[in-house]
Structure formats: structure tokens, C-alpha cells
Amino acid sequence: MSGEQHAGARLFFAVIAMLVAAGCEPTFVFAGGELTGTERPMPKDWAFTEDFGTVQIETRPTDPYSVNVWGVSVNRDFYVAASDAGEATWAQAIESEPQVRLRVGEDIYPLLAKRTEDPQELAVVADAYIDKYGGERECSFIRHAWVYRLDSR
């Protein structure tokens, strides 16, 4: 191994060590475990989430698995979507156990995820994603995503 390869390997392992030292929170594209924060009851309105580009969702209550996701507020509901549908580990976990925890900032909300397939509801959610994150309706990942409405437990 050359000196440059050794330096690259050391950098890689240093980054991994920093991620482990940071705890089990999801970081960038790496999944994490149990989320930390202050548990709160479900809010009456999710409009405050417009200030957050990403939120974290935790699935599998007995073996917590958490990831960063995009989410949108529509009326009094909050939605998250798995762009790779059935291939996303977190979406598969929700299909077998709908209890989730959503972290917005430092607050955590214990919720139930319910997949919606209603075309009218999905159209409104797609518009909300486009308004918040950009893109075009015809190309929106929501067209092929599994979309979950998060409700109170």
C-alpha cells in the first residue's frame, strides 16, 4: 500500500470513528439507532416544520433504526415519503410495525405511520413536496414513492 493509500485509509477510519463517537444519530447518509430529544405530544399543526429541510424518523421500536428524510406539512397532517419505495429499510420496517418516532429539531413525536394510496391525497402531498423542495410534478419522486401520513398513537 502506498503512503497515499495509507493516508486515505486512516482518514476513512477516522471519519467512521467520529460517527461512532457521535452516538447513534443518523448522520448524512448513514442510518442510526434510537433518536434522542424531548418527547412531545403530537402538535395540532405541523406548519412549523417548514423551517426544517430534513427531519429524522425512527422505526423498529425493539431495535431502533433511524434515518434522515424529507417531510411536508399538509393541512394538519405530516407526511414522509420513501423514494425507493419497498427497497428502503425504514419503509419496510413501517410496513411490519407502524409505530415510529419523528424528530423535528430537538423534539420527538411518537406517532403511527399509515401508508396512503389515495390519488387525491397523494396529489396534494406531491404539490407540497414540490413547493418545499422544488421540482416538477411530472418528474416528482412522489409518483413512485411510498408515502406515509404520520398520525397520533
Side-chain angles (χ1 to χ4, degrees), residues 8-9 11-37 39-40 42-43 46 48-153:
L11 177 61
F12 173 78
F13 288 112
V15 169
I16 296 300
M18 287 182 353
L19 292 173
V20 169
C24 294
E25 304 289 326
T27 307
F28 305 111
V29 295
F30 299 107
E34 185 174 4
L35 295 173
T36 59
E39 279 208 8
R40 306 256 186 231
M42 183 173 151
W46 292 98
F48 70 95
T49 62
E50 292 303 310
D51 295 336
F52 295 88
T54 58
V55 295
Q56 293 77 41
I57 191 161
E58 177 190 302
T59 62
R60 299 189 325 216
T62 58
D63 181 22
Y65 178 84
S66 59
V67 294
N68 293 314
V69 294
W70 286 355
V72 295
S73 169
V74 176
N75 300 320
R76 293 179 178 248
D77 294 317
F78 192 79
Y79 295 84
V80 295
S83 62
D84 45 4
E87 295 178 28
T89 300
W90 67 271
Q92 291 173 5
I94 288 173
E95 293 297 308
S96 61
E97 174 52 68
Q99 288 189 6
V100 299
R101 294 186 340 135
L102 180 74
R103 182 170 67 185
V104 181
E106 296 302 316
D107 295 331
I108 294 179
Y109 304 93
L111 303 165
L112 285 176
K114 180 173 179 2
R115 185 157 46 129
T116 182
E117 297 179 276
D118 176 81
Q120 292 177 327
E121 187 175 10
L122 290 171
V124 173
V125 172
D127 287 342
Y129 266 90
I130 291 166
D131 289 346
K132 185 171 181 178
Y133 299 106
E136 298 177 19
R137 179 180 265 278
E138 298 78 32
C139 301
S140 175
F141 79 94
I142 296 294
R143 293 170 30 124
H144 306 289
W146 283 1
V147 177
Y148 295 94
R149 183 181 56 248
L150 304 181
D151 297 323
S152 63
R153 285 191 188 174

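By the 30° and 60° cut-offs, the orientation of the rings of W46 relative to Y109 is perpendicular.
Evaluation of the side chain to side chain donor-acceptor pair (under 3.5 Å) rule for N75 yields no partner, not counting sequence neighbours. Applying the salt bridge (Lys or Arg N to Asp or Glu O under 4.0 Å) test to D131 and every residue at least two apart in sequence or in another chain returns nothing. For R153, the side chain to side chain donor-acceptor pair (under 3.5 Å) criterion is met by no residue, not counting sequence neighbours. The side chain to side chain donor-acceptor pair (under 3.5 Å) check on E50 picks up nothing, with sequence neighbours excluded. Residues that satisfy the side chain to side chain contact (heavy atoms under 4.5 Å, CB included) test with L122, not counting sequence neighbours, are T116, V147. Checked against salt bridge (Lys or Arg N to Asp or Glu O under 4.0 Å), E121 has the following partners two or more places apart in sequence or in another chain: R149. Applying the side chain to side chain donor-acceptor pair (under 3.5 Å) test to R101 and every residue at least two apart in sequence or in another chain returns E39, E58. Remark: E97 engages P61, Q99 in a side chain to side chain contact (heavy atoms under 4.5 Å, CB included) (not counting sequence neighbours). Checked against salt bridge (Lys or Arg N to Asp or Glu O under 4.0 Å), D51 has no partners two or more places apart in sequence or in another chain. Here Y79 pairs with nothing under the ring pair (Phe, Tyr, Trp, His ring centres under 6.0 Å) rule; sequence neighbours left out. Not counting sequence neighbours, D118 has no partner by the salt bridge (Lys or Arg N to Asp or Glu O under 4.0 Å) test.
Within the model, atoms CZ of F48 and CZ of F78 stand 8.0 Å from one another, a figure rounded to the nearest 0.5 Å.
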- Full working for side-chain contact (heavy atoms from CB on, under 4.5 Å) between R115 and I94: CA-CA 9 Å; R115 185 157 46 129; I94 288 173; over 6 Å; no

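Of all heavy-atom pairs between S152 and L112, the closest is O-CD1, 3.9 Å. Minimum interatomic distance between I108 and G37 (heavy atoms only, all atoms of both residues): CD1-N, 3.5 Å. Minimum interatomic distance between L35 and R103 (heavy atoms only, all atoms of both residues): CD1-CB, 3.9 Å. Minimum interatomic distance between A91 and W146 (heavy atoms only, all atoms of both residues): CB-CE3, 3.9 Å. A pairwise comparison of heavy atoms in G71 and V80 identifies CA-CG1, 4.3 Å as the closest pair. In this structure, M42 and L111 approach most closely via the heavy-atom pair SD-CD2, 3.8 Å.
Side-chain atoms of T54 never come within 3.5 Å of backbone atoms of V69 as a donor-acceptor pair (strictly under, hydrogens ignored). Y133 places no side-chain N or O within donor-acceptor distance of the main-chain N or O of A128, the cut-off being under 3.5 Å. Under the 3.5 Å distance criterion, the side-chain polar atoms of K114 are left unmatched by any main-chain donor or acceptor of P98. Between the side chain of T59 and the main chain of Y65, a donor-acceptor pair closer than 3.5 Å is present.
Legend: salt bridge (Lys or Arg N to Asp or Glu O under 4.0 Å) pairs involving residues 66-79, not counting sequence neighbours: none detected.
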